[in-house]
Amino acid sequence: MQAKVTLGSFQHIIPILFAIAFTVCLVSYSSKNFNAFQKQKAVHYLAWFVSLTLIGFHAYRMLFDSYNFKTDLPLYLCSLMALLIPVFTYYRKYWMFEILVFWIIGGTLQAVITPDITIGFPSFDYFRYWIIHLGLLSIIFYFIFELKMRPTFKSVFKSFFALQGYVALMMLLNYLLDANYFYLNEKPKSASLLDYFGEWPYYILVGQLIIIPLFLLIYGPFYLSNKRNIT
């Protein structure tokens with residue numbers, strides 16, 4: 001068993017390739033064989049698979065491992081989204097999509113590019129990490145390519161302000177629990193983009209400054225696609 005998943009290793013690349021192939025096949029098969037109701041059910045079942053993986057992992061840790069409420073609660077952004085994603089796939093509210101499309105693509109992609117997995121294959125944590133992060137991406141891309149949801153320019157700012165609400169909540173919980181959720185008090189131990197943003201609290205300030213440009217970059221392909229369709 002590998003002690004840690006390293007950047008560019010087989011344990012890093014193989015799950016990403018599998019998720020890409022799975023998402024392409026799911027969208028292609030769904031487009032050819034599913035009606036509207038079946039499409040909604042398919043993505044909802046996928047969301048429950050992601051969410052139950054997270055719930056099962058935390059239940060296992062609580063029962064059979066040392067569980068620390070200061071570090072292990074599913075309050076990091078990707079874990080929280082995985083916990084709540086069945087709510088979105090059930091109701092399919094557009095305002096939820098506006099928030100999640102930027103959170104998932106902007107936040108989850110960073111976790112996929114620079115994985116933070118302390119124990120590699122075939123640990124429960126290894127599968128939990130990839131199912132959650134790659135599963136969230138598969139779900140949001142299914143909504144984009146198969147269910148034809150698209151964000152607008154206003155969605156960029158709606159998602160940004162919703163993120164500020166999450167940050168404020170995590171600051172409060174970090175204070176109450178003496179914790180470090182969303183890495184607001186300390187950078188992650190593994191390599192991440194935050195390493196290029198300086199020490200605390202500068203990496204938080206720099207991170208805030210680049211959120212809207214990042215969200216605008218994510219919005220760029222949607223803007224170009226809409227413009228091409230209009231012309």
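Owing to the predicted nature of the structure, the values given are computational and were not obtained by experimental measurement.
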Would you indicate whether the side-chain heavy atoms of Phe127 and Thr53 approach each other to under 4.5 Å?
no
Over all heavy atoms of both residues, which pair between Cys78 and Thr108 is shortest? Give the atoms and the distance, please.
SG-OG1, 3.6 Å
Minimum heavy-atom separation for Phe222 to Ile144, with atom names?
CZ-CD1, 3.6 Å
Take Tyr45 and Thr89 through the side chain to side chain donor-acceptor pair (under 3.5 Å) test and state the conclusion after the steps.
CA-CA 9 Å; Tyr45 291 151; Thr89 58; over 6 Å; no
For Ile139 against Ala47, the heavy-atom pair lying closest together
CD1-CA, 3.6 Å
Donor-acceptor pair, Ser123 side chain versus Gly120 backbone, under 3.5 Å?
yes
For Ser155 and Thr152, test the side chains for any donor-to-acceptor distance below 3.5 angstrom and give the result as yes or no.
yes
For the aromatic rings, using the six-membered ring if either is Trp, is the centroid distance between Phe124 and Tyr60 under 6.0 Å?
yes
As a quick check of understanding, evaluate ring pair (Phe, Tyr, Trp, His ring centres under 6.0 Å) for Phe143 and Phe88, giving each step before the final call.
CA-CA 11 Å; Phe143 272 85; Phe88 166 59; 4.5 Å; yes
Is NZ or CZ of Arg61 both nearer than 6.0 Å to the six-membered ring centre of Tyr67 and within 45° of the ring axis?
no
Starting from the C-alpha separation in whole Å, work towards a yes-or-no answer on ring pair (Phe, Tyr, Trp, His ring centres under 6.0 Å) for Tyr223 and Phe153.
CA-CA 8 Å; Tyr223 171 78; Phe153 181 69; 8.4 Å; no
Chi angles and distances behind the side-chain contact (heavy atoms from CB on, under 4.5 Å) call for Phe18, Trp130
CA-CA 10 Å; Phe18 176 83; Trp130 290 120; over 6 Å; no
Over 60° means perpendicular and under 30° means parallel, so tell me whether Phe102 and Tyr219 are parallel, tilted or perpendicular.
tilted
Flag side-chain contact, heavy atom, 4.5 Å: Glu98 against Ser159
no
Any Gln208 side-chain heavy atom under 4.5 Å of Gln164 side chain
yes
Could you tell me which non-hydrogen atom of Leu163 sits nearest to which non-hydrogen atom of Ile211, and how far apart they are?
CD2-CD1, 3.6 Å
Assess, by modelled atom type and distance only, whether the side chains of Ser30 and Tyr142 contain a donor and an acceptor separated by less than 3.5 Å.
yes
In the structure I gave you, are the side-chain heavy atoms of Tyr29 and Phe34 within less than 4.5 Å of one another anywhere?
yes
